[in-house]
Amino acid sequence: MSARSLTLTSARRRRTDVVARWVLAVATVLALVPLVLVVYYVVNKGASAWNTQFFTKDPTGNSTGFGDEGGLKSAILGTIEIVAIASAIAIPIGIAVALWLTEYHRGGWLGNVVRYFIDVMTGVPAIVFGIFVYLLLVIGQPPASAYAGWKGAIALALLMLPIVARSAEVVLLLVPESLREAALALGAPRWKVIMRIVLPAALPGLLTGSLLAIARAAGETAPLLFTIAVTSGTTFDPGQRMNSLPTQIFNNLNSSSDPGLISRAWGGALVLLAMIFVLNIFARLVSRRSPAIR
Amino acid sequence: MNGIPRRSDQGEEALPETAAAERQQNSPWTPSSATPIAATRSRAGDSREAPSQGRAVVLADLNAYYGKAHAIKGVGLDYAANQVTAMIGPSGCGKSTLVRCINRMHEEIPGAYTTGSIMLDDQDIYGENVDVVAVRRAVGMVFQKPNPFPTMSIFDNVAAGLRLTGGRRGGKRENIKDRVERSLRGAGLWEEVKDRLSEPGIGLSGGQQQRLCIARTIAVEPEVILMDEPCSALDPIATLKVEELIDELKTRYTIVIVTHNMQQAARVADTTAFMLAGELVEVGPTERIFTKPSDSRTEDYVSGKFG
């Protein structure tokens with residue numbers, strides 16, 4: 001029996017190792033290139049459109065040299081308000097659904113049916129929710145036959161709901177069973193176990209999931225085109241037509257090839273990007289504060 | 001009767017007979033089982049300073065199921081008040097399931113249920129109109145792996161039981177502070193943590209975490225404490241501390257401890273019960289179980305022939 005060799009393995013193995021490392025590195029770079037390019041273009045083209053007027057005036061739709069160019073005030077405020085309403089609807093309901101699935105119906109057939117529908121809903125294209133709300137709320141009922149901000153918020157909420165519910169369920173399942181047992185064995189009623197033990201432990205993950213849903217909804221155009229229509233004035237009344245960033249960007253690009261309008265569309269895209277960026281940082285800060293499951 | 005879920009018409013009069021029959025079958029040692037109860041009670045009566053006292057627990061014809069699997073088969077067993085009873089037996093013999101029946105945690109598992117009765121003094125914890133939450137306040141539990149609440153400080157962990165269970169009963173802040181200190185002292189942890197009560201409970205060492213969990217359990221002032229292999233995740237020094245603690249705690253609580261470690265059973269338990277495949281094989285004073293067991297299976301197990 002020969003002595004065991006402690007030198008490196010065969011040349012072929014070493015070659016394979018090097019090749020595999022390179023393949024992975026190249027794949028990573030390939031994935032990053034479009035991402036970096038998108039951010040670069042949006043920042044580059046969008047930043048030049050940002051000025052005081054951009055944030056303080058409503059859109060006018062005027063091309064360069066045809067009067068007041070306006071800004072995107074109504075679109076920015078509209079997006080914030082509509083997404084806030086949609087979140088207020090979708091996040092509590094989504095988390096409630098997830099709690100129902102994890103805390104009360106784990107493994108039951110009814111739970112599986114609900115979970116299946118949530119998965120299907122996650123895959124439904126956004127425009128379908130737009131059409132649904134359009135048919136049901138915009139033209140469906142004669143007295144309600146008008147575009148309105150709250151209808152857009154409902155379309156977005158429908159879109160967010162499965163994302164929130166599914167991500168919350170995954171996070172709640174990560175909360176160790178031993179914590180629930182510890183609390184139950186102390187003589188805590190189940191609702192208190194959920195409120196005081198399970199939810200705090202899952203909070204960072206719940207926030208991340210909710211923010212994913214918000215980020216997704218903030219950029220959706222199709223459901224809003226059918227529900228809030230396009231308008232330019234600023235309003236805080238969700239019963240009125242409202243403006244939003246995605247629809248305003250759509251409108252700018254749709255109406256002409258004027259460089260001024262296109263530049264303002266880039267500016268709007270940058271605002272969306274910045275909003276999502278800020279939300280993400282906020283979420284990270286919050287989850288770093290609480291010592292729980294990440 | 002096995003396999004039929006508990007019904008309310010299983011009258012309490014019928015149960016003691018069944019229980020006695022079960023014990024006759026399962027435990028040859030039944031006749032003298034009354035003695036230690038009386039002895040302990042009088043002894044505890046002299047030395048006791050604390051306000052609470054342990055209560056006796058009597059299992060009668062207890063059956064536990066996981067769906068169709070029959071995990072506990074007609075066990076009858078007396079846990080004397082203010083005594084430590086060790087449950088020993090090979091893995092999967094049902095010792096953990098059995099103690100989880102005593103605070104009704106068993107039924108938290110989907111599909112799991114029990115039949116038979118468990119009397120806490122004169123109340124059947126599986127009786128009608130019994131609030132499972134109240135049962136768990138009277139019968140505390142310490143788990144195998146230390147499980148302090150990760151989002152809470154040391155103080156809040158101990159106070160958790162009071163806050164989680166208390167609406168009003170939790171009482172004023174001052175009150176909670178006293179209870180937390182008393183519980184931490186009771187768990188022998190106060191001196192180690194008194195200067196860092198606001199630090200997270202998961203920052204403690206494993207042994208300290210387990211004593212924190214014991215403090216959390218006694219803060220609710222139960223009468224019975226169930227311990228499911230409380231030392232299996234601890235090193236020998238931490239184990240020793242927990243064992244010393246168990247010895248102190250029994251003046252105030254009835255303790256049931258599940259253990260894989262026969263030396264541990266010999267060290268801490270007044271009474272030892274040996275289980276095998278869901279059945280109670282033998283129960284008796286610890287010394288006798290380890291030296292002169294009457295069942296050959298017990299002898300094989302305690303002498304290390306299997307298990």
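By convention in this document, chain letters (A, B, ...) are assigned in the order of the sequence lines, proteins followed by strands, and residues within each chain are numbered from 1.
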In B:R104, B:R136, B:R100, the residue satisfying salt bridge (charged side-chain N to carboxylate O under 4.0 Å, His left out) with A:E181 is B:R100
Please classify the contact of A:R180 with chain B as side chain, backbone, both or neither, using a heavy-atom distance under 4.5 Å. neither
Does some side-chain heavy atom of A:E177 sit less than 4.5 Å from a side-chain heavy atom of B:E108? no
With chain A as the partner chain, list the residues of residues 140-149 of chain B whose heavy atoms fall under 4.5 Å from it, by residue number, and write 'none' if nothing qualifies. B:G140, B:M141, B:F143, B:N147, B:P148, B:F149
By a 4.5 Å heavy-atom criterion (distance strictly below it), what part of B:V135 contacts chain A: side chain, backbone, both, or neither? neither
When only pairs under 4.5 Å are counted, which of A:P189, A:A183, A:A182 shares the most heavy-atom pairs with chain B? A:A182
Within a 6.0 Å radius of atom OH on A:Y104, are there more than 12 heavy atoms belonging to other residues, nucleotides or ligands? yes
Check this for me: A:F117, atom CZ, are more than 12 non-hydrogen atoms of other residues, nucleotides or ligands nearer than 6.0 Å? no
Which pair of non-hydrogen atoms, one from A:L186 and one from B:R137, has the smallest distance, and what is that distance? O-CG, 3.8 Å
Are any of the side-chain heavy atoms of B:L164 and A:I197 separated by less than 4.5 Å? yes
In short, A:L179 meets B:P150 closest at the heavy-atom pair CD1-CD, 3.4 Å
